[in-house]
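Scroll down for the structure; my scribbles are underneath it.
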Amino acid sequence: MRIIIEKGVFGGMVRTRFAPSPTGYLHIGGARTALFNFLFAKKNNGVFILRIEDTDLERSKQEYEGNIMDDLKWLKIEWDEGPDKGGNFGPYRQSERLELYKQELNKLIEKGMTYECYCTEEELEIQRKLQLKEKKPPIYDRRCLNLTEKQKQQFITEGRKPSFRFLIPHQILEYEDLIHGKIKVDTSLISDPIIVKSNGIPTYNFACVVDDYHMKITHVIRGDEHLDNTPRQILIFQALGYQHPLYAHIPMILAPDRTKLSKRHGATSVNELKVMGFVPEAVVNYVALLGWSPKENREVFSIQEIIERFDFDHILDHPAVYDLEKMKWFNHYYISNVLELEKIKKYVEDLYGPINEKIIELEKHRVYLLTEFIEIQEMLDKDEIEYDLGNVDIAAFSDVLRKVINSLQNLDFSSLESLKEGLKGIQKEYNLKTPQLYKPLRFALSNSLEGIELPKLLYLLGKEKVIKRVNRFLNAADKAKV
RNA sequence: GGCCCUGUCGUCUAGUGGACUAGGACACCGGCCCUUCAAGCCGGAGACACGGGUUCGAAUCCCGUCAGGGUCACCA
């Protein structure tokens, strides 16, 4: 088994693929699937391919294709062959491979493994509902299997166009899944799938098989939701006389309510994460650990370390619930301990625009999301602060500030150290405990009772702004009294 | 409803018949630090879905029950 896994069925190089359909943004589940394919290819010095499955003409959009590629690049999941890169097995967009599917369909026709179906979508829908109502499995009854030429002509004159169905050979099919082990299916329980739609475009199950074969894919790594497609696809491979690739069905990522992840759960697309202030290294690290475990008592791994450790033996076979909080912790850890200042700065600037490097330097140890740096900068830059005086002891605050404002003027703002010393001096001079001085000061400077360390806040603001803000607060406090 | 997959702290997981008084991480709670709030450090609470087997011995193997998820499209 080991040898098969590593060499693949074609005995050569490992070739994996990520095959998204451009009908929406890349979400966290897709990213994880892409990542696992990438990891496995890299681990085995193989090739990772990006294939665009755009056979759904109505829903596929060029712009989504671009978005998906951008998000993948942001995560640094780079493909070796793909629509933008080319390769020896292209084109890599299914809409550009129609001629190939036609040829393969003809083979199936010749072998008698397919038949024309003239049923309309409405008819099929009614049929399905009826079966479900009778609590029977909704399986196509093969009513078009033995149509005479005359009947076909009749349908055609009615204006119907045929689709092509694959004739499922009824048998007990057994196959080995790299993660779930042996899987046994009674194929008589499977409907004959439509492989070419009446508009001449192939459907997923057919195009996928044809491409996986012609692109020499050795390992299909995809989500568990495809488990039930696998027997259909294996049967099509067999009908075509092709060896099928090895399958690894990875567990799904579920939302906190334990259902399939969807837009309504929020923060599920890679782009959303980016905008929220996540760093790609953290997202990749977190996502890699969803359904895979290196079985060590640590969780922070560089992509190189993950590649070295990646192995199907370590992929779990049960679904994982997506937890944004934990991913935030990873983000915090990467910002605070792993990433270099320059890199963090670049990420913030990609997201926002120019940022004062000092903010990152001074605050990276406590930040969870990149956007916090931006908030600090905006708070610092603000000309006129409006104070929310509702939950604050105005009298006490202004009392203290009035007392110390002159000493504040004399503070040495040239370094953080001198500021710290000066602040201590003020505490001593007026006999103030830390919170007694810090709370009012912090509030006057930032309209908040929490945030960046106070001496740093003063340092970043500079003397002029500090005095200005304290005075502004004092004014606001006076007005509030009246 | 049929079929398929799955069930260890709230969540991610370690565990492959004895080293399990079930380990780690996030979150939570408490303490320390004290330059507030945080961050950091230290500590605490918290799980083998249930019931039968097999075995000297089961979280680990088998069966059943229950629960969750997926899928049954001219979507992928």
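Letters A, B, ... mirror the listed sequences (proteins, then strands); counts begin at 1. From a predicted model like this one, the values you see are computed outputs, not experimental measurements.
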query = Side chain of A:Leu254: nearest nucleotide among B:G69, B:G24, B:A76?
reply = B:G69

request  = Kindly check if the number of other-residue, nucleotide or ligand heavy atoms within 6.0 Å of NZ (A:Lys456) is above 12?
outcome  = yes

inquiry  = Looking at B:C74, I'd like to know if its phosphate oxygens (OP1 or OP2) sit under 4.0 Å from a side-chain N or O belonging to A:Thr203.
reply    = no

task = Check every strand shown and say whether A:Leu316 touches a base, only sugar-phosphate, or nothing at a heavy-atom separation below 4.0 Å.
result = sugar-phosphate

Hey, what are the protein-to-nucleotides 40-49 of chain B N/O distances that come in under 3.5 Å?
| unit_1 | atom_1 | unit_2 | atom_2 | d |
| --- | --- | --- | --- | --- |
| B:G40 | OP1 | A:His332 | NE2 | 3.2 |

remark   = Pairing partner of B:C48, by Watson-Crick or G-U wobble and under 3.5 Å for both distances, is none

inquiry  = Nearest whole Å is fine: how far is B:C5 P from A:His249 NE2?
reply    = 12 Å

key: A:Asp212 and A:Arg51 ion-paired at < 4.0 Å   = yes

query = Should A:Lys295 be listed as having a side-chain N or O under 4.0 Å from OP1 or OP2 of B:A14?
reply = yes

Strand partner of B:C33, provided both Watson-Crick or wobble distances fall under 3.5 Å = none

Phosphate OP1/OP2 of B:U13 contacted by A:His318 side-chain N/O (<4.0 Å) = yes

query = What is the base-pairing partner of B:G2, counting Watson-Crick and G-U wobble geometry with both distances under 3.5 Å?
reply = B:U71

key: B:G31 to B:A45 separation - C1' atoms, rounded to the nearest Å   = 15 Å

ask   = In whole Å, what separates the C1' atom of B:G53 from that of B:G17?
value = 15 Å

Among B:U35, B:C5, B:A76, the nucleotide that comes nearest once only the side chain of A:Ile183 is considered = B:C5

query = Does A:Lys326 put a side-chain nitrogen or oxygen below 4.0 Å from OP1 or OP2 of B:A25?
reply = no

Candidates B:C12, B:A38, B:C74 - which lies nearest the side chain of A:Arg366 = B:A38

query = B:U11 pairs with which nucleotide, Watson-Crick or G-U wobble, both distances below 3.5 Å?
reply = B:A25

ask   = Should A:Asp54 and A:Arg97 count as an ion pair when the cut-off is N to O under 4.0 Å?
value = no

query = Should the pair A:Arg298-A:Glu305 be classified as a salt bridge under the 4.0 Å nitrogen-to-oxygen rule?
reply = yes

inquiry  = Measuring only the C1' atom in each nucleotide, how far is B:A14 from B:G52? A whole number of Å is fine.
reply    = 28 Å

query = According to a strict under-4.0 Å criterion, is A:Arg128 in side-chain N/O contact with OP1 or OP2 of B:C74?
reply = yes

message = Both conditions, 6.0 Å and 45 degrees, for the charged tip of A:Arg32 above the ring of A:Phe36: are they met here?
response = yes

ask   = When we call it a touch if two heavy atoms are under 4.0 Å apart, what does A:Leu290 touch: a base, just sugar-phosphate, or nothing?
value = sugar-phosphate

note = The Watson-Crick or G-U wobble partner of B:G57, with both key distances under 3.5 Å, is none

key: Pair of N/O donor and acceptor under 3.5 Å linking B:C72 base with A:Ser191 side chain   = no

request  = Report which part of the nucleic acid A:Met327 touches: base, sugar-phosphate, or nothing (heavy-atom distance under 4.0 Å, all strands).
outcome  = nothing

inquiry  = Can you tell whether the side chains of A:Lys364 and A:Glu361 come within less than 4.0 Å, N to carboxylate O?
reply    = no

query = How close or far is atom P of B:U71 from atom CG of A:Leu132, stated in whole angstroms?
reply = 14 Å

message = Tell me whether the side-chain N/O atoms of A:His226 come closer than 4.0 Å to OP1 or OP2 in B:U71.
response = no

message = Using a heavy-atom cut-off of 4.0 Å across all strands, would you classify A:Glu225 as base, sugar-phosphate, or nothing?
response = sugar-phosphate

ask   = For the residue pair A:Tyr64 and A:Tyr25, is the inter-centroid distance of their aromatic rings smaller than 6.0 Å?
value = yes

key: Touch class at under 4.0 angstrom, heavy-atom based, for A:Cys117 against every strand present   = nothing

A:Lys295 NZ: over 12 foreign heavy atoms closer than 6.0 Å = yes

ask   = Nearest to the side chain of A:Asn297, which nucleotide is it out of B:A76, B:C74, B:G23?
value = B:G23

Counter-base of B:A19, judged by Watson-Crick or G-U geometry with both distances under 3.5 Å = none

query = In terms of side-chain geometry, is the basic nitrogen of A:Arg165 or A:Glu116 positioned less than 4.0 Å from the acidic oxygen of its partner?
reply = no

query = Considering only the P atoms, how many Å lie between B:C4 and B:G64, rounded to the nearest integer?
reply = 12 Å

inquiry  = Both A:Lys136 and A:Pro435 contact RNA chain B. Taking the nearest nucleotide for each, which residue is further toward the 5' end?
reply    = A:Lys136

query = When rounded to the nearest Å, what value does the distance between C1' atoms of B:U55 and B:G2 take?
reply = 37 Å

request  = Among B:G1, B:C74, B:A76, find the nucleotide with the atom closest to the side chain of A:Leu124.
outcome  = B:C74

ask   = Looking across every strand, which nucleic acid part, if any, lies under 4.0 Å from A:Ser448 by heavy atom: base, sugar-phosphate, or nothing?
value = nothing

request  = Mind checking A:Glu299 for me? I need base, sugar-phosphate or nothing, with any heavy atom below 4.0 Å counting as a touch.
outcome  = base

key: Pairwise P distance for B:A67 and B:G24, with rounding to whole Å   = 34 Å

message = If we check side-chain hydrogen bond (donor to acceptor under 3.5 Å, both in side chains) with A:Tyr204, which of these qualifies: A:Arg232, A:Glu53, A:Gln94, A:His226?
response = A:His226

key: Sidechain N-carboxylate O distance under 4.0 Å for A:Lys420, A:Glu453   = no

key: Euclidean distance, atom CG of residue A:Asn205 to atom P of B:C74 [Å, nearest integer]   = 11 Å

request  = Give one of base, sugar-phosphate or nothing for A:Arg258, where a contact means two heavy atoms less than 4.0 Å apart.
outcome  = sugar-phosphate

request  = Spell out yes or no: do the side chain of A:Asp323 and the base of B:A27 have one donor N/O and one acceptor N/O closer than 3.5 Å?
outcome  = no

request  = Look at A:Thr434 and B:U35 and indicate whether a side-chain polar atom (N or O) is within less than 4.0 Å of OP1 or OP2.
outcome  = yes

Under 3.5 Å donor-acceptor pair, A:Asp224 side-chain atoms to B:G70 base atoms = no

query = Are A:Phe206 and A:Phe166 close enough that their ring centers fall under 6.0 Å?
reply = no

key: Spacing of the P atoms in B:G23 and B:C32 (rounded, Å)   = 27 Å

request  = Between A:Lys197 and A:Lys420, name the one whose nearest nucleotide on RNA chain B is closer to the 5' end.
outcome  = A:Lys420

query = Between B:C75 atom P and A:Asp228 atom CG, what is the distance in whole Å?
reply = 19 Å

ask   = Reckon A:Lys260 has a side-chain N or O less than 4.0 Å from the OP1 or OP2 of B:U71?
value = yes

message = If I pick the P atom on B:C41 and the same atom on B:A27, what distance separates them, to the nearest angstrom?
response = 12 Å

